[in-house]
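Below: the structure, in structure tokens.
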Amino acid sequence: MTEDDPTRVPRAKNGRAPDVLRVGGWVPMRCFADDEQVDFVIVGTGAGGGTLSCKLSEYGFSVVALDVGPYWRPLEDFASDEHEQYKLYWTDERISGGEDALELGRNNSGQSVGGSMVHFAMVSLRFRPEWFKSRSLLGYGVDWPVDWREMWGYYREVEENLCLAGPIKYPWGPPRPRYPYRPHELNAAAKVLARGCEKLGIKWCSTPIATLSAPRGLAHPCVYRGFCIAGCSTNAKQSAINTWLPRALKAGAEIRDLAMVGRVELDANGRVRGVHYHREGQWRFQRARNVVVAGYAIETPRLLLNSACPQAPDGLANSSGLVGKYLMAHCNQGVYGVFDDEIRWYKAPPSLSLTEHWNYTDEGKDFDGGYAYMSQGPLPVEWSGTQTGNHKLWGESLLRDMERYNHYAGLKIVGECQAMETNTVRLADEKDRFGLPIANVTFAHSDNDKKLIAHAKNFMRTALEAAGGYDIWAEETETAHLMGTCRMGDDPRSSVVNPDGRTWDVPNLWICDGSLFPTSGGVNPSLTIQAMACRIADRIKALAARAEV
Amino acid sequence: MRTRARPADRLRALQDALAGNARSPALLRSEPPVGAQESADVARLLNAGCAILASSVLADSSMEHYRGSFENKAMFVPPIVSTLALIASLHGASDRSARAERRRDAIYALSAAAAAAGFGFHLYNVGKRDGGFCWENFFYAAPIGAPWALLLSGTLGVAAERVRDTRPGGIPHIFGMAAGRLLAGLTSAGLLGTVGEVWLLHFRGAFQDPFMYLPVTLPPVGAGLLASAALSSKPKKRPLTRFWMKLVTVLGLAGMGFHIYGVHRNMGGWRNWSQNVLNGPPIPAPPSFTGLGLAGLAALRLLEGPKNE
Ligand SMILES: Cc1cc2nc3c(=O)[nH]c(=O)nc-3n(C[C@H](O)[C@H](O)[C@H](O)COP(=O)(O)OP(=O)(O)OC[C@H]3O[C@@H](n4cnc5c(N)ncnc54)[C@H](O)[C@@H]3O)c2cc1C
Ligand code: SF4
């Protein structure tokens with residue numbers, strides 16, 4: 001092992017952290033001692049934790065953010081090789097069960113400084129306003145304890161931070177300001193979606209996406225090579241690792257890579273004292289006035305459950321019994337077809353066009369909720385996985401169909417998943433490499449999910465046909481983004497955290513990630529996670545001003 | 001002394017001119033007379049401007065159409081025609097004679113016609129894409145404003161030949177209008193059209209660098225100054241307009257520098273030149289302003305009269 005192996009030796013220490021925008025560069029980093037009581041320890045540096053680290057440190061709080069993942073240098077560490085890039089995923093042992101057991105890792109969880117955003121597909125969509133009150137306005141799910149107008153402002157803040165490239169005018173929902181950068185040129189795969197929509201008479205648009213269509217500082221514009229979900233080696237992708245975290249470092253936050261938090265410790269008064277974390281071969285304890293857990297929908301409840309102690313025998317913040325419950329996973333079925341023209345769908349970011357028609361249209365549905373669908377561009381290894389798994393091809397037939405790779409195009413949904421109490425994250429008896437009980441995940445689709453999937457597959461099949469596709473087939477099982485497990489609400493009996501992201505049970509314990517979602521909406525979640533983090537930061541600032549933090 | 005009626009007169013003159021009134025009012029026909037040497041010099045300056053416009057088109061269209069794999073045979077036309085226009089312009093710029101040259105004339109007319117056809121092609125290319133005439137297609141389909149520079153090179157070239165043809169001591173006229181005024185008007189319109197194209201492309205680039213505002217703010221001022229010179233009643237020195245045309249001339253060259261810098265901001269920088277030259281901001285495009293700046297200076301020479309130099 002070389003000394004600069006970021007998976008073995010931490011990079012962010014001794015007063016400096018990697019400068020992800022310069023080859024071999026460093027930026028200065030303020031460092032805190034373990035026994036120094038910092039204002040905030042944040043567990044996880046992804047969409048939720050990364051954003052919050054930035055905002056809180058810019059507001060003048062002392063922040064230590066811990067992540068078990070390595071601190072990558074995208075310009076140097078990312079290879080154009082799908083297998084090599086598996087290193088970005090959370091592939092530590094987990095147990096997955098239930099009727100529709102989730103395939104964990106590649107498509108739903110990351111383990112890096114910067115979180116799952118390091119390999120996210122960059123699609124950055126706002127919730128439909130009504131979804132924040134889906135129970136009151138649309139008659140399903142539960143209401144969020146926040147107002148969409150407030151979120152609208154925070155969405156804007158995130159869109160600016162990520163310098164989103166998006167259409168001049170977004171065709172759905174209330175007006176929004178222009179996206180900071182202009183839309184990208186559509187690739188052939190995106191044009192297939194456009195053609196299908198035009199033929200069926202529904203609206204489509206170029207996707208608001210977090211990759212640069214023009215230079216931004218030291219970050220290069222997108223080169224359209226399509227390696228996005230294997231990690232972007234040009235920094236065109238705008239995510240936590242190259243936007244929020246550099247800002248956080250500049251504002252005085254400390255980021256500790258390869259630091260696994262195993263337990264949040266509660267004192268005799270029912271307040272957290274700090275976190276036990278493992279780094280460089282030993283367990284340490286970081287003192288903190290507040291702890292924020294932002295490990296995403298599996299690791300956040302796992303950490304709370306693993307932190308059970310005599311004062312909280314069922315796990316921290318779990319008086320409602322809801323920690324780890326109501327796990328959601330977006331429906332993510334694709335429909336694929338062959339085209340006479342060469343498509344070369346791997347070129348450019350995978351989802352350059354989309355339609356939210358079925359998110360904003362309530363008529364003509366036999367299910368609750370909605371879905372968006374997007375153009376697709378799987379890389380060859382991923383595609384062969386889909387072919388062997390969902391398409392059930394093998395041997396000669398697989399080989400022959402793989403030869404049509406460049407003529408394939410596809411459409412894929414992000415479909416709203418109904419929250420069910422029976423979809424859970426619990427602790428298993430097995431232990432991980434740190435000796436911590438691993439997560440046991442149970443998942444099954446609701447009947448409503450199944451109806452939504454059937455509707456979407458039907459519709460997308462028609463759209464592909466209309467666009468000139470043939471030999472069309474649809475995926476059976478596929479899920480994407482995880483959400484839920486520590487839902488936010490107005491009532492301590494039916495939620496884990498209050499509208500400020502503060503746990504009902506422990507006043508100085510907060511949650512700030514995708515696990516807060518009470519409902520999933522029919523769009524990719526990261527923009528909402530980041531917007532919520534900005535909102536929580538503002539709430540914390542306001543509360544601190546009144547000495548309530 | 002100025003009289004109050006003048007602005008209205010000017011306006012009327014302009015309206016008449018725009019309406020194609022055959023007997024343009026005296027104002028638009030009047031201009032200081034020029035000597036044989038002077039008319040040849042002005043024509044040569046114009047030819048120099050045309051040469052720069054033509055070389056900008058030659059480099060830009062070759063690169064962009066190469067990028068488009070010369071998918072359609074017609075895509076060879078602009079590089080070929082602009083090469084001819086470049087040769088004609090260089091020939092003109094070194095030709096001291098005071099007589100028009102037929103072959104140059106023909107080439108310029110040809111390039112103007114080819115540019116007009118180019119507009120048609122590019123417009124068709126935008127419209128036929130999924131989504132039709134939408135922003136995305138204006139950004140990424142065939143650039144609608146690109147043939148503009150070739151059109152300008154052609155028309156300014158034709159004008160140069162007319163100026164050269166002026167009999168010694170006469171007033172240079174083009175299609176019944178005083179050449180200086182017509183050229184000032186044409187250059188002013190040319191600047192505005194070019195600004196339109198630049199605005200579209202810099203808007204596509206989200207004006208990510210504040211310098212990207214320069215070519216959409218400085219040239220319109222120059223266009224305004226030139227237009228007002230075109231419509232003024234009396235030959236006089238115009239130091240501000242002259243300065244502004246020099247500024248525009250320099251801006252075109254500076255723009256090239258900015259674009260060279262812009263190419264380096266793409267992944268791999270200049271080491272990856274073979275991709276980034278095609279991907280990055282078009283290096284040959286900004287000198288269009290230089291060509292127009294020179295044309296503006298030529299127009300001013302006619303408007304100001306030789307003594308006012
Ligand atoms: C392939 C893929 C494509 C995606 N595409 C999109 C998309 O196009 N648009 C979109 O909006 N979303 C997309 N997502 C989803 C998006 O990336 C996630 O929803 C989002 O990043 C979740 O944010 P988070 O802060 O909740 O968690 P994460 O971003 O996953 O961050 C959690 C971090 O916490 C760390 N962590 C966890 N537990 C501990 C612990 N105990 N100690 C220390 N560190 C810990 C992890 O290492 C991780 O880095 C995609 C996800 C994947 C996997
Ligand atoms: S296609 Fe663009 S965003 Fe995706 S990996 Fe390549 S440069 Fe990055």
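Chain A is the first sequence line, chain B the second, and so forth, proteins listed ahead of strands; every chain is numbered from 1.
Only the side chain of A:Leu75 comes within contact range of chain B, judged by heavy atoms closer than 4.5 Å. With a 4.5 Å cut-off on non-hydrogen atoms, B:Phe207 does not touch chain A at all.
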**OP:** Starting from the C-alpha separation in whole Å, work towards a yes-or-no answer on side chain to side chain contact (heavy atoms under 4.5 Å, CB included) for A:Tyr181 and B:Gln208.
**Re:** CA-CA 8 Å; A:Tyr181 274 18; B:Gln208 48 87 19; 3.2 Å; yes
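For the atom pair CZ of B:Phe138 and CD1 of A:Ile168, the computed distance is 12.0 Å after rounding to the nearest 0.5 Å. With rounding to the nearest 0.5 Å, the separation of OG in A:Ser206 from OH in B:Tyr140 is 8.5 Å. Here the CG-CD distance, from B:Asn137 to A:Glu185, works out to 9.0 Å after rounding to the nearest 0.5 Å.
A:Tyr224 meets the ring-ring contact (aromatic ring centres under 6.0 Å, His included) test with A:His184; sequence neighbours excluded.
The contact list for residues 266-275 of chain B toward chain A, using heavy atoms and a distance under 4.5 Å, reads B:Asn266, B:Met267 by residue number. At a heavy-atom cut-off of under 4.5 Å, chain B is reached by no residue from residues 117-126 of chain A.
Note on residues 184-206 of chain B: pairs passing side-chain hydrogen bond (donor to acceptor under 3.5 Å, both in side chains), not counting sequence neighbours, are B:Trp148-B:Thr194.
The two atoms that bring B:Ala206 and A:Pro180 nearest to each other are CB-O, 3.6 Å, heavy atoms only.
In terms of heavy-atom pairs under 4.5 angstrom with chain B, the leader among A:Ala214, A:Pro215, A:Pro183, A:Gly217 is A:Pro215.
In this structure a side-chain-to-backbone donor-acceptor pair under 3.5 Å is missing from A:Arg182 to B:Glu136.
Using a cut-off of 4.0 Å between Lys/Arg side-chain N and Asp/Glu carboxylate O, B:Asp130 and A:Lys191 are scored as not salt-bridged.
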